[in-house]
Amino acid sequence: MRKTTYYRLGLLFALLTTISCDKDFPLTDPSTESQKMPAGSTKRMGLQASAVPGGYTLVYADEFNNNTLSPSAWYYRESNYYAGGYSKRENVSVVTQDGIGYLDIAFRDDRDWNNDGVNDISSGGTITSKAFGYGYYEARIKFFKGTTGLHESFCTHGLGFFTGQTLGTEYKEAAKKDLVPTDNQMLEIDAIELDAAQNHGKTNFWMAYVDESTSGAFNRYDESYMDLDQWINVGFEWLPNTIIYYIDGVERFRYTHQTPAYHATEVWLSALANNKWSTPGHPEPGASMKVDYFRYYNKPIAANLIGNTSFEFGAKASTHVTSWTVYDNIYDNATTDGAEVVYDGTAYHGNGYLKMSAKSSVPILTTKQLLSYIPNGTYRLSAWVKKTSGLTSARMRVLDTGAPDRYVNIPTTAQWTRIILDNVVVTDNKAVVGFSITGSDGETLKIDKVELYNKQFPLPDDLGVLVEDMGPGYLESGTWLNSNLTGYRGTKTRYSGTTGAYAQWQPTIPTTGNYDVFIYKVVHASADPNAKIVIKHSGGTTTKYVNYTTGTSGWVSLGTYNFTAGTTGNVRNYRNTNATNIRADAVYFAIPGSVPPL
């Protein structure tokens with residue numbers, strides 16, 4: 001795993017490293033929120049209250065109340081000699097004092113870790129096993145300030161199998177077993193970094209992307225913002241293109257950036273024994289950084305929630321797919337697992353795309369991303385794909401949402417084609433998005449620009465116009481009734497047995513141009529075997545005939561036509577055969593290259 005080091009302005013060296021994992025552990029129960037805060041607690045005396053920004057919901061909290069650190073929720077920060085000291089899990093514990101628990105990260109010099117006859121300084125830290133994305137983060141911290149040599153921080157950062165700092169065996173074993181990404185290092189947000197005994201009270205706020213040091217995000221504050229003798233609420237709000245930093249509920253700094261990189265990442269609570277970056281020193285007895293709690297809040301947001309959405313991170317080809325887990329059920333084969341990022345000038349968006357190559361020896365190859373603690377709601381998942389004809393199966397899937405699993409079969413196509421899973425319902429604050437293939441050696445699926453958007457907000461780059469029965473733009477001629485047969489979205493459809501009856505779908509076309517037209521065919525034995533479909537477009541009218549008695553219900557292509565912006569075009573479905581019923585559901589007008597949503 002890589003190690004990323006940033007050099008500070010005004011100090012000898014810069015800061016932190018980070019790591020990120022996506023291990024499939026049980027969710028921590030946020031109900032522990034109410035288990036602390038006893039009345040009159042001296043631990044909280046003199047503190048300003050937490051001030052969570054409006055609209056947020058608590059979805060994760062660890063109050064450190066149970067005398068042990070949950071192994072399913074946290075990794076340990078561990079390393080051999082680094083930056084002048086050692087990070088060891090032995091220095092991390094959960095302590096209960098006066099009925100209140102907290103995380104204690106000790107700063108010690110009572111062991112000789114390298115067996116050279118001299119005791120070494122050491123400390124440690126914890127890293128969440130799950131990754132967090134946009135939202136509000138808060139920790140209540142009692143910083144150690146007595147002697148120099150300890151670098152204390154609360155941040156997000158990535159994890160990776162190949163980083164220079166070890167994390168013990170847990171994460172590496174999970175990566176070898178295809179349970180977490182081998183590389184999840186893309187960005188870093190430092191809520192606070194504080195070097196012990198810098199008692200003039202300055203704190204450091206930093207937000208940086210790997211491979212792009214953003215010096216404008218670096219900021220320091222006067223000691224009046226913090227009293228290091230007290231517990232301090234440290235928070236930050238992560239929004240698209242903006243980071244807002246808080247001390248004791250008061251906004252102290254915000255940084256706006258344009259870098260498009262995004263991925264959910266793990267949270268670090270860290271005390272780094274450090275005689276290299278900060279002023280050398282040794283601890284006094286009982287020295288430690290203490291953390292009362294870590295809490296994470298989310299809210300619906302108008303942003304893509306897929307990390308490394310277009311496989312651009314690193315700006316180069318790689319056998320390690322950042323932020324995605326590649327599963328082929330073969331132990332420790334990250335460089336030969338069948339998935340790679342390709343830079344060959346043919347990407348749909350940007351420069352990179354994901355290439356999955358089938359292996360006949362593997363029953364199924366899957367590339368997936370676990371999205372933990374996302375807002376509940378209804379989403380649209382889409383991706384651009386190319387697929388060779390020899391794949392026996394290729395699917396885009398959404399699993400583990402709290403609602404039924406969903407998938408769409410990916411068509412064979414030599415051109416970049418958009419596939420969509422619409423109305424994905426998330427009820428359990430999580431989802432797994434994945435692509436799975438089976439087939440002969442050498443058959444491939446290429447993937448680019450994967451997007452998951454909350455439909456509570458206007459969707460960007462909508463590539464089609466949908467007109468549904470009984471909705472805007474729909475009208476009927478003749479006598480029509482509700483049918484128990486379901487169509488698109490699983491809703492009831494309409495039918496008519498009236499001579500000359502027709503249904504019409506009139507779209508509001510946003511931009512003049514060519515559109516692929518699809519009609520949703522509802523199959524039934526009593527339906528018209530030769531329904532007459534008339535498409536009115538800017539070049540006139542075109543007639544098609546569709547057999548509604550055979551095949552399976554679903555979208556049927558009617559061809560590509562030019563439509564003028566506005567409402568001049570339409571599609572009509574006429575009853576064309578006596579003693580039959582004409583059936584109506586939906587028509588979709590798609591920009592060429594995209595397909596109707598499922």
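In what follows, residues are counted from 1 in the order of the sequence shown. As the structure is a computational prediction, the values presented were derived from the model and not from experiment.
- At least one donor-acceptor pair closer than 3.5 Å links the side chain of Thr388 to the backbone N or O of Thr444.
- The neighbour count for Lys299 NZ, taken as heavy atoms of other residues, nucleotides or ligands under 6.0 Å away, is above 12.
- The backbone N or O of Lys430 sits nowhere less than 3.5 Å from a side-chain atom of Asp428 that would complete a donor-acceptor pair.
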Criterion side chain to side chain donor-acceptor pair (under 3.5 Å) on Arg380 and Asn423, from CA distance to verdict: CA-CA 6 Å; Arg380 185 187 70 183; Asn423 301 311; over 6 Å; no
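- Between Phe311 and the choices Trp324, Tyr348, Tyr343, Trp384, the ring pair (Phe, Tyr, Trp, His ring centres under 6.0 Å) rule is met once, by Trp324.
- Put simply, the side chain of Tyr453 does not reach to within 4.5 Å of the side chain of Ile306, judged on heavy atoms.
- Put simply, OG on Ser357 and CD1 on Ile437 are 7.0 Å apart, with the number rounded to the nearest 0.5 Å.
- Once rounded to the nearest 0.5 Å, the distance linking CG of Leu485 with NE2 of His524 reads 5.0 Å.
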Derivation and outcome, side-chain contact (heavy atoms from CB on, under 4.5 Å), residues Asn298 and Asn429: CA-CA 10 Å; Asn298 71 21; Asn429 290 120; 4.0 Å; yes
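- Thr427 and Asn376 share no side-chain donor-acceptor pair at under 3.5 Å.
- Put simply, CG on Leu558 and OG1 on Thr543 are 11.0 Å apart, with the number rounded to the nearest 0.5 Å.
- One N or O on the side chain of Thr417 and one on the backbone of Gln415 form a donor-acceptor pair closer than 3.5 Å.
- Ring centroids of Tyr296 and Trp238 are separated by 6.0 Å or more, keeping the two rings apart.
- A donor-acceptor pair under 3.5 Å is formed between the side chain of Asp448 and the backbone N or O of His349.
- With rounding to the nearest 0.5 Å, the separation of OH in Tyr488 from OG in Ser553 is 15.0 Å.
- Within the 3.5 Å criterion, the main-chain N or O of Tyr327 finds no donor-acceptor partner in the side chain of Thr366.
- Side-chain N/O atoms of Thr309 and Asn304 include a donor and acceptor closer than 3.5 Å.
- In terms of modelled atom types and a separation under 3.5 Å, the side chain of Arg583 and the main chain of Val523 share no donor-acceptor contact.
- Taking the side chain as every heavy atom from C-beta outward, Asn351 and Glu312 approach each other to under 4.5 Å.
- Using a 4.5 Å heavy-atom threshold, the side chains of Tyr495 and Leu481 count as touching.
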Worked verdict on Ile533 versus Val571 for side-chain contact (heavy atoms from CB on, under 4.5 Å): CA-CA 7 Å; Ile533 314 293; Val571 172; 3.7 Å; yes
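- You'll find the side chain of Asp328 reaches within 4.5 Å of the side chain of Asp178, heavy atoms only.
- Relative ring orientation between Phe132 and Tyr373 is described as parallel, the plane-to-plane angle staying below 30° on a 0-90° scale split at 30° and 60°.
- In this structure, Lys521 contributes its side chain and Asn547 its backbone to a donor-acceptor pair below 3.5 Å.
- Judged purely by atom type and a 3.5 angstrom limit, Asp469 has no side-chain atom pairing as donor or acceptor with the backbone of Thr493.
- Using a 4.0 Å cut-off between a side-chain N of Lys or Arg and a carboxylate O of Asp or Glu, Asp405 and Arg397 do not qualify as a salt bridge.
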Side chain to side chain donor-acceptor pair (under 3.5 Å) assessment of Glu468 paired with Tyr588: CA-CA 9 Å; Glu468 298 183 85; Tyr588 189 73; over 6 Å; no
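- A distance-only check finds no donor-acceptor pair linking the side chain of Glu237 to the backbone of Ile244 [under 3.5 Å].
- Arg395 forms a cation-pi arrangement with Tyr407, by the criterion of a distance under 6.0 Å to the ring centre and an angle within 45° of the ring axis.
- Within the 4.5 Å cutoff, no side-chain heavy atoms of Lys368 are placed close to those of Leu370.
- Side-chain atoms of Ser129 come within 3.5 Å of backbone N or O of Ser72 as a donor-acceptor pair.
- Looking at Ile374 and Val59, their side chains never come closer than 4.5 Å, going by heavy atoms from C-beta outward.
- When only modelled atom types and interatomic distance are considered, Ser538 and Asn562 share a side-chain donor-acceptor pair under 3.5 Å.
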Verdict with reasoning, Val517 to Val587, per side-chain contact (heavy atoms from CB on, under 4.5 Å): CA-CA 7 Å; Val517 181; Val587 172; 4.0 Å; yes
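- Note that the CE atom of Met356 and the OG1 atom of Thr367 stand 3.5 Å from one another [nearest 0.5 Å].
- Of all heavy-atom pairs spanning Gly338 and Leu365, the tightest one is O-CD2, 3.7 Å.
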Working for ring-ring contact (aromatic ring centres under 6.0 Å, His included), residues Trp416 and Tyr353: CA-CA 11 Å; Trp416 285 111; Tyr353 63 87; 5.7 Å; yes
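- Atom NZ of Lys455 is surrounded by more than 12 heavy atoms from other residues, nucleotides or ligands within 6.0 Å.
- A donor-acceptor contact closer than 3.5 angstrom links the side chains of Arg418 and Ser382.
- Asn573 contributes atom CG, which lies 8.0 Å from atom CG of Asp528 (distance to the nearest 0.5 angstrom).
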Test side-chain contact (heavy atoms from CB on, under 4.5 Å) applied to Lys536 and Gln506, step by step: CA-CA 9 Å; Lys536 181 183 177 184; Gln506 183 178 52; over 6 Å; no
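- Contact detail for Ser440 and Ala358: the closest heavy-atom pair is O-CB, 3.4 Å.
- With contacts defined as side-chain heavy-atom distances shorter than 4.5 Å, the pair Lys387/Thr412 qualifies.
- Side-chain atoms of Phe563 and Ile535, non-hydrogen and from C-beta on, do get closer than 4.5 Å to each other.
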